Q: 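Structure incoming, see below.
Worth knowing before you read on, the calculation uses all heavy atoms, side chains too, and leaves out hydrogens, waters and symmetry mates. Here the structure is a predicted model, which is why all the values come from computation and not from measurement. Order of listing sets the numbers, starting from 1, for every ligand and every atom in it.
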Amino acid sequence: MSKFMIIAHRGASGRWPENTLLAFRQALDAGARWLELDVHLSADGQLVVIHDFTLQRTTDGRGRVENHSLAELRKLDAGMGEKIPLLEEVLELAKDRASVNIELKGAGTGQAVASVLQQRFSLGQQAEEFLASSLNKKELMVLSPLQPEVPLALVSERVDRSFWQAAEELNVWSLNLDKSCIDQALVAEVKAQKRKLLVFTVNDNEQLNQLKAWGVDGVFTDFPERHVGI
Ligand code: G3P
Ligand code: MG
């Protein structure tokens, strides 16, 4: 079996409302073994699954996620009548079916994700079933000492000196990079560091095959239903 990772980016978000239970269920039903989601904190400290810092693109609400209580956020329509999910709800859905890449977006998510993961471990889940990633090194620095077994990933759209330094400092399991940064030399460099390289967002088969041939370890795709099992 191929170890190449097909990661359902915000669920099966190409056809279904991104970061909703519907999109995650569709990805799981298509056979995805990895889900990716983004988290922010509500005003009352709950971890909610939504990509943007603001509500207007993906829901019928307005303003910043962090300025709304969970009760307020739950009244919103996140597409096709779906609600904004709690992180726990997605983790419960994925349990025994897929691993989950939790991308820490909002401030304070490092500590909050560490507590949610602690609950999952007390229910018998293992650290390897998760990947905690962020563009924001600070949140990973908070999470890492609290949950040292959980693999980490740095997300970036460019690779520069500070990126390599952060990867080293955090001893990340993978580098999750935008496809615009990837060439064969970079793949070789990451392999020499013994880290994984995951690329976002890849919806095109030709591009996926090219990346695979170069030795990339996996891709984030909005259409897991097209790519799972290849
Ligand atoms: O983590 C990979 C990818 O999700 C990063 O970009 O903006 O889709 O969260 P974004
Ligand atoms: Mg993301």
Side-chain angles (χ1 to χ4, degrees), residues 4-21 23-24 26-27 32-41 47-59 64-66 78-79 84-87 90-91 94 98-110 112-113 116-117 129-140 143-144 150-160 163 166-167 170 172-182 186-187 190 195-204 207-208 211 216-224 227:
F4 190 76
M5 293 162 64
I6 299 289
I7 307 158
H9 183 236
R10 313 180 197 172
S13 61
R15 289 186 58 201
W16 308 97
E18 68 178 53
N19 279 325
T20 61
L21 289 178
F24 294 119
Q26 291 289 335
R33 304 304 309 271
W34 274 93
L35 305 179
E36 186 265 356
L37 54 81
D38 309 281
V39 290
H40 288 265
L41 278 180
L47 277 167
V48 287
V49 179
I50 184 167
H51 179 274
D52 298 359
F53 283 78
T54 53
L55 294 163
Q56 39 271 43
R57 183 179 63 84
T58 58
T59 77
R64 291 179 71 81
V65 175
E66 65 185 5
I84 297 172
L86 282 165
L87 175 61
V90 185
L91 298 186
S99 301
V100 182
N101 174 195
I102 304 168
E103 185 179 349
L104 285 62
K105 286 275 205 263
T109 49
V113 166
V116 167
L117 288 174
E129 295 172 57
F130 303 99
L131 176 63
S133 67
S134 192
L135 272 163
N136 184 346
K137 175 180 139 188
K138 271 201 268 175
E139 295 302 331
L140 294 177
L143 173 74
S144 178
V150 173
L152 301 180
L154 264 183
V155 178
S156 189
E157 292 179 354
R158 81 176 80 89
V159 280
D160 53 18
F163 173 79
L170 287 159
V172 293
W173 181 79
S174 71
L175 304 177
N176 299 0
L177 293 174
D178 185 84
K179 58 194 177 199
S180 64
C181 338
I182 312 297
L186 182 85
V187 178
V190 177
R195 303 192 205 283
K196 304 288 181 195
L197 177 56
L198 307 176
V199 180
F200 63 92
T201 305
V202 180
N203 294 329
D204 174 70
Q207 191 167 46
L208 187 150
L211 291 166
V216 163
D217 298 285
V219 292
F220 298 86
T221 178
D222 298 330
F223 294 95
H227 302 299

Q: Would you please say whether a donor-acceptor pair under 3.5 Å links the side chains of S180 and D178?
A: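 Side chains of S180 and D178: pair found under 3.5 Å.
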Q: Any nitrogen or oxygen of N176 lying under 3.5 Å from a nitrogen or oxygen in ligand 1? Just yes or no.
A: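 By distance alone, the answer is no.
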Q: Would R57 and E18 pass as an ion pair if we require N to O under 4.0 Å?
A: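 The answer is yes: the pair qualifies as a salt bridge.
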Q: Give the intermediate values and the outcome of side-chain hydrogen bond (donor to acceptor under 3.5 Å, both in side chains) for residues D52 and T54.
A: CA-CA 5 Å; D52 298 359; T54 53; 4.8 Å; no
Q: Would a distance-only check, ignoring hydrogens and angles, find a side-chain to backbone donor-acceptor pair under 3.5 Å from D38 to K105?
A: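 Answer holds: no.
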Q: Provide the atom name of the closest N, O or S atom of E36 relative to the Mg ion (ligand 2).
A: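 Nearest N/O/S atom: OE2.
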Q: Rounded to the nearest 0.5 Å, what separates atom CG in L208 from atom CG in N203?
A: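 Spacing of CG (L208) from CG (N203) equals 9.5 Å.
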Q: Heavy atom to atom 10 (P) of ligand 1, shortest distance: which of H51, E18, E36 holds it?
A: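 The residue whose heavy atom sits nearest atom 10 (P) of ligand 1 is H51.
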Q: Checking one value in my table: which N/O/S atom of E103 lies closest to the Mg ion (ligand 2)?
A: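 Of all N, O or S atoms belonging to E103, OE1 is the one nearest the Mg ion (ligand 2).
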Q: What atoms of ligand 1 come within less than 4.0 Å of a heavy atom belonging to R10?
A: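 Counting from 1, the qualifying ligand atoms are 7 (O), 8 (O), 10 (P).
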Q: Under 3.5 Å between any N/O of T201 and any N/O of ligand 1: does that happen in this structure?
A: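 Not met; the criterion fails.
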Q: Does T221 reach the main-chain N or O of F223 with its side chain, forming a donor-acceptor pair under 3.5 Å?
A: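 Checked: pair present.
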Q: Quick one: look up the protein heavy atom nearest atom 2 (C) of ligand 1 and list residue, atom name and how far away it is.
A: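 I find the closest protein heavy atom is F200 CD2, 3.6 Å.
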Q: Which atom name would you report as the N, O or S atom of D38 nearest the Mg ion (ligand 2)?
A: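 Going through the N, O and S atoms of D38 one by one, OD1 ends up nearest to the Mg ion (ligand 2).
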Q: Where is the nearest protein heavy atom to atom 9 (O) of ligand 1: which residue, which atom, and how far?
A: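 Going atom by atom, the protein heavy atom closest to atom 9 (O) of ligand 1 ends up being K105 NZ, 2.6 Å.
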Q: Polar contacts were defined as any N/O atom of the residue lying under 3.5 Å from an N/O atom of the ligand; does this apply to N101 and ligand 1?
A: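 No, no N or O pair falls under 3.5 Å.
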Q: Among N176, L177, V159, L140, which one satisfies side-chain contact (heavy atoms from CB on, under 4.5 Å) with L154?
A: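 Exactly one pass, corresponding to L140.
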Q: Can you tell me how far the CD1 atom of I7 sits from the CZ atom of F4, to the nearest 0.5 Å?
A: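 Separation between the atoms: 8.5 Å.
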Q: Between E103 and ligand 1, is there a nitrogen or oxygen pair with a distance under 3.5 Å?
A: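 Among all N and O atoms of E103, at least one is under 3.5 Å from an N or O of ligand 1.
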